Amino acid sequence: MALPLASVTSFIDQHSQWALLVMFVLLLLESFGLPLPGETALIACAVLASQGALPIAWVIVVAILAAIIGDNLGYWTARIGGRRVLLRYRLTQTYAERYLPRGERFFAKHGGKTVFIGRFVAVLRVTTAWVAGISHMHWWRFLAWNAAGGIAWATLVGLVSYYLGDAAAKAIGRYGLFAAGGAVVLAVIGYFVVRWIERRVVDEEEASS
């Protein structure tokens with residue numbers, strides 16, 4: 001869910017005493033798996049920090065905590081109940097029986113990189129923890145890569161927005177329309193990447209057998 005940065009910034013600016021709490025809640029829920037403007041809230045708070053309204057160190061620390069906690073809530077929710085939900089309905093049961101074993105093997109080999117990179121991609125940021133949980137990726141491995149990704153992402157986005165200040169908001173507002181076209185291109189690329197990964201997993205199955 002991509003709300004205009006100006007709208008989120010305006011809301012946080014008008015409720016500056018609750019800015020860090022609002023950002024924490026939005027980021028936690030986005031990381032858990034809900035399509036909310038968590039990253040937008042981080043950018044908004046970092047921009048306000050550049051104006052002296054918030055301490056940038058606390059903005060980054062709160063963002064890191066929200067990202068890690070939210071991802072782990074999503075991971076455990078999916079690990080405990082996600083597979084049961086998929087197998088309950090006939091529509092999803094066939095898909096689950098076909099792809100879950102492949103997903104488990106893929107996350108066993110490439111799960112760490114996927115979790116880390118997923119933090120920087122909007123769609124993956126919402127879904128990666130759930131896929132890792134359903135695929136039963138080892139939790140300690142997930143936690144390590146998730147924490148590394150959360151720290152790197154929050155620090156990078158926070159500092160870039162802080163040092164660019166208003167320029168960050170103007171750039172996002174200016175290139176928002178172009179981002180939509182970019183999203184379509186990324187979706188097409190993502191489709192072929194998924195197909196390539198699936199083919200690779202199948203080839204590895206055939207080679208091992």
Side-chain angles (χ1 to χ4, degrees), residues 20-21 23-39 41-42 45-46 57-88 92-93 95-160 190 193-205 207-209:
L20 292 178
L21 178 60
M23 182 191 71
F24 178 85
V25 172
L26 288 175
L27 267 176
L28 185 147
L29 292 177
E30 181 192 49
S31 300
F32 173 75
L34 300 179
L36 294 173
E39 184 177 58
L42 169 57
C45 284
W58 276 109
V59 171
I60 293 174
V61 168
V62 171
I64 291 172
L65 291 175
I68 294 175
I69 294 172
D71 276 333
N72 278 272
L73 288 175
Y75 170 89
W76 280 110
T77 301
R79 179 167 183 137
I80 294 172
R83 185 180 295 256
R84 186 164 56 248
V85 172
L86 288 176
L87 295 175
R88 177 181 300 175
T92 57
Q93 183 177 5
Y95 173 87
E97 291 175 347
R98 179 179 179 183
Y99 289 103
L100 279 181
R102 296 179 183 178
E104 291 174 353
R105 286 188 289 272
F106 175 79
F107 266 83
K109 290 187 175 182
H110 310 289
K113 298 185 288 290
T114 303
V115 170
F116 183 87
I117 296 173
R119 172 48 56 180
F120 294 85
V121 182
V123 176
L124 294 179
R125 189 162 53 245
V126 177
T127 59
T128 299
W130 280 75
V131 177
I134 291 175
S135 300
H136 285 185
M137 179 181 180
H138 290 299
W139 178 66
W140 282 109
R141 188 160 174 256
F142 171 82
L143 178 62
W145 283 100
N146 169 245
I151 293 170
W153 169 79
T155 302
L156 179 63
V157 173
L159 290 180
V160 168
V193 169
V194 170
R195 297 298 296 176
W196 175 81
I197 292 173
E198 181 181 354
R199 190 178 303 112
R200 180 174 176 179
V201 171
V202 172
D203 290 342
E204 289 179 355
E205 288 180 354
S208 61
S209 60

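Predicted model, so just to flag it, every value in this text is computed and none were measured.
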- Message: If you apply the rule side-chain contact (heavy atoms from CB on, under 4.5 Å), what do you find for M137 with T114, and how did you get there?
- Response: CA-CA 11 Å; M137 179 181 180; T114 303; over 6 Å; no
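When side chains are defined from C-beta on, Y75 does not count as touching L143, because their heavy atoms never get closer than 4.5 Å. Between L73 and L28 the shortest side-chain heavy-atom distance falls below 4.5 Å.
The distance from atom CG of L27 to atom CD1 of I69, rounded to the nearest 0.5 Å, is 11.0 Å. Between the CD1 atom of I151 and the CG atom of N146 there is a distance of 9.5 Å, given to the nearest 0.5 Å.
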Per-pair distances, 0.1 Å, donor-acceptor, side chain in residues 58-66, under 3.5 Å, sequence neighbours excluded:
none

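The shortest heavy-atom contact between A129 and S31 is CB-O, 4.5 Å. Residues L26 and A41 come closest through the heavy atom pair CD1-CB, 3.8 Å. Residues A67 and W153 approach most closely at CB-CZ3, 4.2 Å, considering heavy atoms. When every heavy atom of E39 is checked against every heavy atom of R125, the shortest pair comes out as OE1-NH2, 3.3 Å.
For W130, there are no side chain to side chain donor-acceptor pair (under 3.5 Å) partners two or more places apart in sequence or in a different chain. For W139, the side chain to side chain donor-acceptor pair (under 3.5 Å) criterion is met by N72, not counting sequence neighbours. Applying the side-chain contact (heavy atoms from CB on, under 4.5 Å) criterion to A152, with sequence neighbours excluded, gives F116, F120. V126 pairs by the side-chain contact (heavy atoms from CB on, under 4.5 Å) definition with E30, not counting sequence neighbours.
Applying the salt bridge (Lys or Arg N to Asp or Glu O under 4.0 Å) test to residues at least two apart or on different chains, the pairs with a partner in residues 58-74 are D71-R119.
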